[in-house]
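Counting starts at 1 for both ligands and their atoms, in listed order. The basis for the numbers below is simple: all heavy atoms, side chains too, and nothing from hydrogens, waters or symmetry mates. A quick note: this is a predicted structure, and the numbers were derived from the prediction, not measured.
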Amino acid sequence: MQKKQNIVLVGFMGTGKTTVGHFLAEATGMPLVDMDTLIEQRTQKTIPEIFAKEGEASFRNLERELTKELAQKTGQVVSTGGGLVLNPDNIRDFEKTSLVICLLASEETLMSRLKGDSSRPLLAGEKEEKIKQLLQTRRPLYEAISHKIDTNKRSPEEIARQILALYETNLENGA
Ligand code: S3P
């Protein structure tokens, strides 16, 4: 591979993908591509607007198309949306060119991190109940990713350092 493989961060909302992504981008000199932000820029709509006006299925299509595009490139840190794992093709595509890492957090940690948040359409209303339900269906999908990192009680810098070590080992091994 001519350029370095991507680092792709997946995980439930509130696991710190974007924050950790910033540290990784800084440390590696690779650009951070935040998929939700890019979708918002390109559609000129916010994520809540897309969900409200066009529905979740339409958002998933945008996410799928962007995955296909980004998975063909190298040398980027990609912060994905929490629902990326819902389509296994997304993970399969990214794994061809990327080190895919899943950030994990306990239900308790997620509840506390997402408490004051009003930007996520899937958590509108009975937030705690929705987090529980989503986690129940998605947990096996996150657990199925080969590289997982526990983020409970750990700083984003510490998590980024652990990912960098793994990334460097992978590069040395020619992955
Ligand atoms: C979603 C997570 C969000 C965003 C959208 C749907 C999900 O991204 O893509 O609201 O289905 O879990 P974050 O994980 O960055 O919050």
Side-chain angles (χ1 to χ4, degrees), residues 6-25 31-71 76-94 98-145 147-152 154-156 159-160 163:
N6 306 310
I7 303 177
V8 173
L9 301 176
V10 304
F12 198 76
M13 297 170 261
T15 49
K17 302 177 294 280
T18 303
T19 312
V20 171
H22 278 293
F23 283 106
L24 288 171
L32 173 66
V33 179
D34 182 283
M35 288 184 65
D36 283 348
T37 305
L38 194 52
I39 288 173
E40 288 185 328
Q41 284 167 354
R42 288 184 178 177
T43 58
Q44 291 288 294
K45 291 180 190 131
T46 65
I47 302 293
E49 277 168 359
I50 300 173
F51 271 73
K53 294 189 184 141
E54 289 151 38
E56 180 172 349
S58 161
F59 174 75
R60 297 298 169 207
N61 286 337
L62 294 168
E63 197 173 41
R64 173 76 194 120
E65 289 311 308
L66 186 55
T67 298
K68 287 195 224 164
E69 178 188 326
L70 295 177
Q76 10 158 46
V77 177
V78 181
S79 164
T80 68
L84 192 92
V85 290
L86 294 171
N87 185 343
D89 291 346
N90 290 335
I91 304 300
R92 189 206 55 205
D93 288 349
F94 269 136
S98 318
L99 174 64
V100 178
I101 312 257
C102 183
L103 303 186
L104 297 173
S106 68
E107 195 171 294
E108 205 183 10
T109 301
L110 292 172
M111 297 276 187
S112 114
R113 289 187 193 157
L114 294 166
K115 211 166 35 201
D117 182 89
S118 58
S119 67
R120 277 127 168 152
L122 292 179
L123 302 183
E126 289 295 316
K127 190 178 284 170
E128 296 208 351
E129 199 39 50
K130 294 200 170 154
I131 292 175
K132 276 193 182 140
Q133 282 171 7
L134 287 171
L135 274 177
Q136 207 169 4
T137 48
R138 292 185 184 179
R139 201 172 272 125
L141 304 174
Y142 296 127
E143 291 288 344
I145 312 268
H147 299 289
K148 293 178 279 287
I149 294 193
D150 176 11
T151 68
N152 290 298
R154 299 181 63 211
S155 70
I159 297 159
I163 295 173

[X] contact mode with ligand 1 (heavy-atom cut-off under 4.0 Å):
X	value
Met35	neither
Arg138	side chain
Leu122	side chain

Got the closest protein heavy atom to [atom], with its distance?
atom	result
atom 14 (O) of ligand 1	Lys17 NZ, 2.7 Å
atom 3 (C) of ligand 1	Asp36 OD2, 3.5 Å
atom 7 (C) of ligand 1	Gly83 N, 3.3 Å

NZ/NE/NH1/NH2 to OD/OE distance under 4.0 Å, Asp36 and Arg120: no
Does Lys68 come within less than 4.0 Å of Glu65, counting only side-chain N to carboxylate O? yes
May I ask you to list the atoms of ligand 1 that are less than 4.0 angstrom from any heavy atom of [X]?
X	value
Pro121	10 (O)
Ile47	5 (C), 10 (O)
Phe59	9 (O)
Arg120	16 (O)

Do you know which of Leu104, Thr109, Leu110 makes side-chain contact (heavy atoms from CB on, under 4.5 Å) with Asn152? Thr109
Candidates Leu114, Ile131, Asp117 - the one meeting side-chain contact (heavy atoms from CB on, under 4.5 Å) with Met13: Leu114
Fit a plane to each ring of Tyr142 and Phe12, take the angle between them on a 0 to 90° scale, and name the class: parallel (under 30°), tilted (30 to 60°) or perpendicular (over 60°). perpendicular
Do Gly81 and ligand 1 have an N or O pair less than 3.5 Å apart? no
Looking only at side chains, do Ser79 and Thr18 share a donor and an acceptor under 3.5 Å apart? yes
